[in-house]
Structure formats: C-alpha cells, structure tokens
Amino acid sequence: MMRILWFFLTLIVSLSALEGRELWPDQWLVGYGESIPGWGETEETVKSIDLVARWKIPVREYEPGAKILGLRSHEVWIESTFHRLVSDSDPVDDDDYGIVDLAFLAAFTFEKVGSAEPFIFVGGGPAYLFADIRGAGMDLTANYQTGFGIRNIPFVGGRLETLLKFHHISNMSLGDPNVSMNSLRWQVSLAY
C-alpha cells in the first residue's frame, strides 16, 4: 500500500511541475539500461526496459555568430521514466516491478552536422523503487544523470533521436545501507 501512495505522490509532483503546460509529453523515448557491478559501489546487476515521457521547455536560442562553444540552444527537459525490470541478480519476486523517476535536466544542443543535432544533458530528481534492490536502503531515493546524443537523424521517413546516459540512483545517505546503483542507458525516439 505504501508503494502505491509514493507512486501517486511522485506523479502529483511531476504534474505540478508542468503547471500551465499541456500535459501530453512533447516526446516519448524507449530504451534499455543495465547496472554495472563494480562501477562505484554498485553490487547488483539490474536490467530494465525504459519508457520515457519528456516535456521540453525552451530557455534560449543563440543568435548566429553569437554562439558560445558552438551552442545552438538551451532547453530544460522534464522526464518521467518507468524502468520495467527484466532481470536482477536477486531471486525474482512478484514485487519487483521497476523504478519510476522524475528528472529535471538542462539540455544543450550544438551546431548541426548535416541535419543531425548533437546534444548533452545533465540533471536529476526523485526516484521511487518498486523493487527490492540490495543496498538501496529505502524505496524513495534520488537520481542524477548525464549523457549525450544526436537528434534529427533522417530515418525511414521520420526523424530519429538516440542517446546514451549515465544514470545514478542513491538514497543520499538518508537510509542504511546506501549502496548506489550506477547504470548505462541507451534510449531512442522516432518522430514523423
């Protein structure tokens, strides 16, 4: 019961962050992620399929000739991600559904290479674990992430975006134990 309450609390916080905006996401991404034991304090291998809802808030478009380090634009992304666990190194139990996180990301797009636009991003926010992950210490945790990608790649009559991110989940030493989970995640989106 407590897990369901935390899920709805996270959902309410994410929706209130979008006040005054259309609630339907600007973009959907799907992907795969895997934690890597031995990377930092990570002890457990956790694999997941990711579904990401992304809202984009433009911050600044840089004028031609006034660009800094090749930057073309700056956006804030609000991402709500459901990581559906497909395996972990603990024996599987019926309560291991996945992880829901919310991230506020600063995204920077650089000059186009052909039609493709390279970008980088960094940020974080709360995460809730619907899974028994060894060392997490508590269900309500935090995440931060950083990564890079390319968008607007012509693909099958549409535009492809692909990205690779480092994703860190920890309880910020608010619970015991606090064994962080570090993972790599690859995500894609196709727009027509």
Side-chain angles (χ1 to χ4, degrees), residues 1-11 13-14 24-55 77-105 107 119 121-151 153 155-156 158 160-172 175 177-191:
M1 181 63 177
M2 203 57 187
R3 289 180 176 201
I4 293 170
L5 290 175
W6 278 117
F7 170 75
F8 283 109
L9 178 62
T10 302
L11 182 64
V13 168
S14 63
W24 189 254
D26 298 316
Q27 185 176 11
W28 290 94
L29 297 99
V30 294
Y32 172 81
E34 185 172 329
S35 65
I36 303 171
W39 191 4
E41 298 176 350
T42 304
E43 296 177 352
E44 187 173 347
T45 300
V46 177
K47 300 175 184 179
S48 69
I49 301 295
D50 301 339
L51 177 63
V52 183
R54 179 188 291 164
W55 292 266
W77 295 344
I78 300 172
E79 290 187 351
S80 182
T81 306
F82 176 63
H83 309 276
R84 175 65 174 115
L85 297 188
V86 291
S87 74
D88 61 25
S89 50
D90 279 348
V92 176
D93 72 50
D94 292 336
D95 291 334
D96 281 0
Y97 301 115
I99 303 166
V100 174
D101 67 40
L102 177 67
F104 299 90
L105 305 168
F119 62 86
F121 58 92
V122 64
Y128 188 80
L129 308 179
F130 290 94
D132 182 23
I133 297 174
R134 191 173 348 127
M138 55 195 302
D139 291 338
L140 184 61
T141 61
N143 81 94
Y144 68 80
Q145 47 192 284
T146 187
F148 61 91
I150 300 174
R151 64 181 172 199
I153 303 166
F155 184 78
V156 190
L160 180 73
E161 175 178 315
T162 183
L163 63 90
L164 183 67
K165 69 171 70 169
F166 164 76
H167 189 244
H168 172 88
I169 294 179
S170 163
N171 70 28
M172 305 171 298
N178 180 30
V179 178
S180 60
M181 185 173 70
N182 296 312
S183 59
L184 281 178
R185 302 197 171 281
W186 175 67
Q187 296 168 346
V188 295
S189 175
L190 184 60

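Everything numeric here is computed off the predicted structure, so don't read it as measured data.
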Could you verify whether a donor N or O on one side chain and an acceptor N or O on the other, from Arg185 and Ser48, lie under 3.5 Å apart? yes
Main-chain N/O of Val46 paired to Ser183 side chain as donor or acceptor, under 3.5 Å: no
For Gly124 and Leu105, work out which heavy atoms get closest and say how close. N-CD2, 4.1 Å
Do His167 and Thr81 make a side-chain contact, defined as non-hydrogen atoms from C-beta onward lying under 4.5 Å apart? no
Heavy atoms of Pro37 and Glu44 approach each other most closely as CG-C, 4.0 Å
Rounded to the nearest 0.5 Å, how far does CG of Leu51 lie from CH2 of Trp28? 5.5 Å
Of the non-hydrogen atoms in Phe148 and Phe121, which two are nearest, and what is the gap between them? N-CE2, 3.7 Å
Counting C-beta onward and ignoring hydrogens, is there a side-chain heavy-atom pair between Leu163 and Leu29 closer than 4.5 Å? yes
I'd like to check Arg54 versus Glu161 (side-chain heavy atoms, cut-off strictly below 4.5 Å). Are they in contact? yes
If you measure from CD on Gln145 to NE2 on His168, what distance do you get to the nearest 0.5 Å? 11.5 Å
With rounding to the nearest 0.5 Å, note down the distance linking CD in Gln27 to CD in Glu79. 8.0 Å
Does the side chain of Asp50 reach to within under 4.5 Å of the side chain of Lys165, using non-hydrogen atoms? no
Can you measure from OH (Tyr32) to CZ (Arg84) and round to the nearest 0.5 angstrom? 14.0 Å
Just by modelled atom types, is the Ile169 backbone N or O under 3.5 Å from a matching donor or acceptor in the Thr141 side chain? no
Would you call the rings of Trp77 and Phe119 parallel, tilted or perpendicular, taking 30° and 60° as the class edges? perpendicular
Nearest-0.5 Å distance, CH2 of residue Trp55 to OG of residue Ser80: 5.5 Å
Look only at the side chain of Asn143 and the backbone of Gly125, and say whether a donor-acceptor pair between them is shorter than 3.5 Å. yes
Does the side chain of Gln187 reach to within under 4.5 Å of the side chain of Ser189, using non-hydrogen atoms? no
Taking all atoms of both residues into account, what is the closest heavy-atom pair of Asp101 and His83, and its distance? OD2-NE2, 2.7 Å
Report yes or no: does Asn171 contribute a side-chain atom to a donor-acceptor pair with the main-chain N or O of Pro177 at less than 3.5 Å? yes
Separation between OG1 (Thr42) and CD1 (Ile36), nearest 0.5 Å, reads 8.0 Å
